[in-house]
Amino acid sequence: MTIDQLEKRLNGLADRTLRYHYIIQLGRRLPAMPRELKTEENQVRGCMSPAWLAGGLEGEDPAVLRFVGDSESIIVKGLFAILAEIYNGRTPEKALAVDLSDIFERLKLGEALSPNRRNGFYSMVEKIRRVAASLA
């Protein structure tokens, strides 16, 4: 799904509750994160609920990022699903160039997320950026 498609779907929902339900559905569609990746190193600090995120490169010419994530919170899983749509399949350099504040506004996530959820979202973003920078 592209950012434009995600924007159209999220912004086509009339109220906050429907937006939450859609984000939850995105989280439920995520493939399971392998248990061996749920380590202290992959834990996302700053999330209200325990959450893990791991990433690496796949393919070649060019190699692109692939992230997996999980959380005990289905909302956090849904937020990770949004971030996976944004960052998976990009080279590390292109991932680092993403203007997430613009995407955050386009998706109107500020209206949908509590301050605590917003902090967790940006904690996941920072972890993704650290992984991308280490692989660039």
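These numbers come from the heavy atoms of this one structure, side chains and all, not from hydrogens, waters or symmetry mates. Since this is a predicted model, take the numbers as computed values, not measurements.
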What pair of heavy atoms forms the shortest contact from A51 to C47, and how long is it?
CB-SG, 4.1 Å

Please round to the nearest 0.5 Å and tell me the distance separating atom CD of E40 and atom CH2 of W52.
10.5 Å

When rounded to the nearest 0.5 angstrom, what is the spacing between CD1 in I82 and CG in L6?
5.5 Å

Minimal heavy-atom distance between Q43 and K127, with the atoms involved, is O-CE, 3.8 Å

hydrophobic_cluster_shared for V131 and L30, side chain cutoff 4.5 Å
yes

Report yes or no: do V68 and I74 belong to one cluster of Ile/Leu/Val/Met/Phe/Trp/Tyr joined by side chain heavy-atom distances under 4.5 Å?
no

When hydrophobic residues are tied together by side-chain contacts of less than 4.5 Å, even through go-betweens, does V98 share a cluster with L79?
yes

With no hydrogens and no angle check, is any side-chain donor or acceptor of R129 less than 3.5 Å from a backbone partner on L96?
yes

So, the side chain of R19 versus the backbone of K108: is there a donor-acceptor pair under 3.5 Å, distance only?
yes

Determine yes or no for a side-chain-to-main-chain donor-acceptor pair under 3.5 angstrom, with N42 supplying the side chain and L37 the backbone.
yes

Please find the pair of heavy atoms, one from D15 and one from L18, that lie closest to each other, and give the distance.
OD1-N, 2.9 Å

Backbone of A32 reached by a side-chain donor or acceptor of D70 within 3.5 Å
no

CA sep, side-chain torsions, deciding dist, call: R106, L10, side chain to side chain contact (heavy atoms under 4.5 Å, CB included)
CA-CA 10 Å; R106 284 177 57 195; L10 274 172; over 6 Å; no

Got a donor-acceptor contact below 3.5 angstrom from the T91 side chain to the V64 backbone?
no

To the nearest 0.5 Å, how far apart are CD in E93 and CG in L135?
9.5 Å

Nearest 0.5 Å, please: how far is CZ in F121 from CG in L100?
5.0 Å

Hphob cluster co-occupancy, I103 + I23, side-chain heavy atoms under 4.5 angstrom:
yes

More than 12 foreign heavy atoms under 6.0 Å from NZ of K38: is that the case here?
yes

What do you reckon, are the aromatic ring centroids of F67 and F80 less than 6.0 Å apart?
no

Walk me through whether K77 and I24 qualify under side chain to side chain contact (heavy atoms under 4.5 Å, CB included).
CA-CA 7 Å; K77 282 180 78 164; I24 287 169; over 6 Å; no

For atom CZ of R35, decide whether the heavy atoms of other residues, nucleotides or ligands shown that lie under 6.0 angstrom number more than 12.
no

According to a hydrophobic-cluster definition based on side-chain heavy atoms being under 4.5 Å apart (Ile, Leu, Val, Met, Phe, Trp, Tyr only), do F104 and L107 belong together?
yes

Return the minimal non-hydrogen interatomic distance between A95 and A132, and the atom names on each side.
CB-CB, 4.2 Å

Spacing of L53 atom CG and I128 atom CD1 [to the nearest 0.5 Å]:
5.0 Å

Does Q5 CD have over 12 foreign heavy atoms under 6.0 Å away?
yes

Looking only at non-hydrogen atoms, find the nearest pair between R117 and V76 and report the distance.
NH1-CG2, 3.7 Å

Between OG of S49 and CD1 of I75, what distance do you get to the nearest 0.5 Å?
10.0 Å

Heavy atoms from other residues, nucleotides or ligands near CD of E36 exceed 12 (cutoff 6.0 Å):
yes

Given the rule in the side chain to side chain contact (heavy atoms under 4.5 Å, CB included) test, do Q25 and R28 qualify, once you have shown the distances and angles that lead to the verdict?
CA-CA 5 Å; Q25 290 305 315; R28 287 190 173 136; 3.3 Å; yes

How about V44 and S71: do any of their side-chain heavy atoms sit closer than 4.5 Å?
no

